[in-house]
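Comments concern the structure below.
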Amino acid sequence: MAGSEDGRSTSLSGGRSIGKAQEQLFDPSRSASAKYAALVVGRRGLGALLKYELIVTFAQSWPGALGLALRKALYPLLLGSCGRNVVFGQHVVLRHPHKIHIGNNVVVDDNCLLDAKGDTNAGIRIGDGVFVGRNTILSCKNGDIELGDGANIGFNCEVFSASRVTIGRRVLLAAYTYVIGGDHDFSDPSKPVLEQARTSAGVAIGDGVWVGAGAKILDGVTVGDGAVIGAAAVVRESVPAAAIAVGIPARVVGSR
């Protein structure tokens, strides 16, 4: 079973871990600026904090053409790398932005969250020609997320990674799709699931896949090139290339 994207303590198969967000946020041994830098900015030092704050304060919320122009000019100064003709909508939130890499001709629509948080991860890499629909969340918990060239991520999607999630070239994720690259151990009935380890095998979605609205792709799944996943399907097992899978749990009912 796959866990939710909840900021809780993590113990991954690869040996990486990240603490509870609550513990980090309310750690009495650290200053407010240090906690904020660890959770949001991702780099220590007053210079990095001021740079982040000034750019976000000045550019994040401006509406209309002026806002688009400001974010196009200023957001790349925070990112690990950013190509040409990248459009950032209003209220786009960047966390650990130095670990976010964006190619050319990309759209990140309004109210998206790109969260590359982690101590040892590489972060988020978005290829050329990608569209990320409004209200979508790309969330790392010390994991990595890669979107291939030409991928189209619909409105209100979430891609969560506690190890590695890859979405191939020209993939279409319809609205409200949830790709869950993490899980919770629940083997000890004497402990709440919250207090047990988190595991992650990752998710791989091949080139040219279509995932229907509201589908859930669970941890450990591989979806082969050109496959089609039906709307609202819950995919617990890997799907072969060019297969059509529907239902809860998803099962293969045909091929293209």
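Here the structure is a predicted model, which is why all the values come from computation and not from measurement.
Remark: side-chain polar atoms of Lys216 are paired, donor with acceptor, to backbone N or O of Gly214 under 3.5 angstrom. A donor-acceptor contact shorter than 3.5 Å is absent between the side chain of Lys99 and the backbone of Arg125. The backbone N or O of Ser61 sits less than 3.5 Å from a side-chain atom of Gln90, completing a donor-acceptor pair. Side chain of Asn121 to backbone of Ala116: a donor-acceptor contact under 3.5 angstrom is found. With hydrogens and angles ignored, the 3.5 Å screen pairs a side-chain donor or acceptor of Gln196 with a backbone N or O of Asp188. Asp144 contributes a side-chain N or O that, together with a main-chain N or O of Gly123, makes up a donor-acceptor pair within less than 3.5 Å. Of the possible polar contacts, none joining the Glu146 side chain to the Ile167 backbone as a donor-acceptor pair under 3.5 Å is found. Panel note: side chain Ser200, backbone Gly181; a donor-acceptor pair is recorded below 3.5 Å. Counting only distance, with no hydrogens or angles, the side chain of Asp149 and the backbone of Asp128 share a donor-acceptor pair below 3.5 Å. The main-chain N or O of Ala174 is found under 3.5 Å from a side-chain atom of Thr177 such that the two form a donor-acceptor pair.
Taken from CG in Leu173 to CD1 in Ile153, the straight-line distance is 4.0 Å, to the nearest 0.5 Å. Between Ser139 atom OG and Ile180 atom CD1 the span is 12.0 Å, to the nearest 0.5 Å. Tyr178 contributes atom OH, which lies 7.0 Å from atom CZ of Phe160 (distance to the nearest 0.5 angstrom). In this structure, CD1 in Ile100 is found 8.5 Å from CG in Leu138, a value given to the nearest 0.5 Å. Summarising the geometry, atom CG belonging to Asn111 is positioned 10.5 Å from atom CD1 belonging to Ile137; distances are rounded to the nearest 0.5 Å. Distance check: Leu66 CG to Arg71 CZ gives 8.5 Å after rounding to the nearest 0.5 Å.
Electrostatic pairing of Arg169 and Asp207 counts as a salt bridge here, judged by a charged N lying under 4.0 Å from a carboxylate O.
When side chains are defined from C-beta on, Val132 counts as touching Leu147, because their heavy atoms get closer than 4.5 Å. No side-chain heavy atom of Asn142 sits less than 4.5 Å from a side-chain heavy atom of Lys117. Taking the side chain as every heavy atom from C-beta outward, Asn152 and Val130 never approach each other to under 4.5 Å. Side-chain contact between Arg251 and Glu237: absent, with no pair of heavy atoms (C-beta onward) separated by less than 4.5 Å.
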Throw together a table of side-chain donor-acceptor distances under 3.5 angstrom for residues 42-53, partners on residues two or more places apart or in other chains.
from, atom 1, to, atom 2, distance (Å)
Lys51, NZ, Leu77, O, 2.9
Tyr52, OH, Leu94, O, 2.6
Glu53, OE2, Tyr36, OH, 2.5

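Heavy atoms only, all atoms of each residue included: Gly182 and Ala162 are closest at CA-CB, 4.4 Å. The nearest pair of heavy atoms linking Ala151 to Gly168 is CB-O, 3.9 Å. Considering every non-hydrogen atom in both Phe131 and Asp109, the closest pair reads CZ-OD2, 4.1 Å. When all heavy atoms of Gly230 and Val246 are compared, the pair lying nearest together is CA-CG1, 4.0 Å. When all heavy atoms are compared, the tightest approach of Pro189 to Ser187 is CD-O, 3.1 Å. When all heavy atoms of Val193 and His184 are compared, the pair lying nearest together is CG1-CB, 3.6 Å.
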Apply side chain to side chain contact (heavy atoms under 4.5 Å, CB included) to the pair Thr136 and Asn156, showing each step before the final yes or no.
CA-CA 5 Å; Thr136 285; Asn156 299 287; 5.6 Å; no

Starting from the C-alpha separation in whole Å, work towards a yes-or-no answer on side chain to side chain contact (heavy atoms under 4.5 Å, CB included) for Ile244 and Val252.
CA-CA 6 Å; Ile244 302 170; Val252 175; 6.0 Å; no

Would Cys140 and Ile145 satisfy side chain to side chain contact (heavy atoms under 4.5 Å, CB included), going step by step from the backbone distance to the final call?
CA-CA 7 Å; Cys140 298; Ile145 295 171; 4.0 Å; yes

How far apart are the C-alpha atoms of Phe58 and Leu70, what are their side-chain angles, what is the distance that settles it, and do they pass the side chain to side chain contact (heavy atoms under 4.5 Å, CB included) test?
CA-CA 8 Å; Phe58 193 63; Leu70 287 171; 3.7 Å; yes

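Both Trp62 and Val108 belong to a single network of hydrophobic side chains, linked directly or stepwise wherever heavy atoms of I, L, V, M, F, W or Y lie under 4.5 Å apart. Hydrophobic clustering, with ILVMFWY side chains joined whenever heavy atoms are under 4.5 angstrom apart, groups Leu74 together with Val92. Criterion: ILVMFWY side-chain heavy atoms under 4.5 Å apart, direct or through other members. Under it, Leu79 and Val41 are part of a common hydrophobic cluster. Val56 and Ile124 fall within a single hydrophobic cluster, where Ile, Leu, Val, Met, Phe, Trp and Tyr are joined by side-chain heavy atoms under 4.5 Å apart, directly or via other members. When the side chains of ILVMFWY residues are joined at heavy-atom separations under 4.5 Å, either directly or via intervening members, Trp210 and Ile205 end up in two distinct hydrophobic clusters.
For the salt bridge (charged side-chain N to carboxylate O under 4.0 Å, His left out) test, residues two or more places apart in sequence or in another chain that qualify with Asp110 are Arg134.
Sorted by first and then second residue, the pairs that involve residues 74-88 and meet side chain to side chain donor-acceptor pair (under 3.5 Å), not counting sequence neighbours, are Ser81-His101, Asn85-Asn105.
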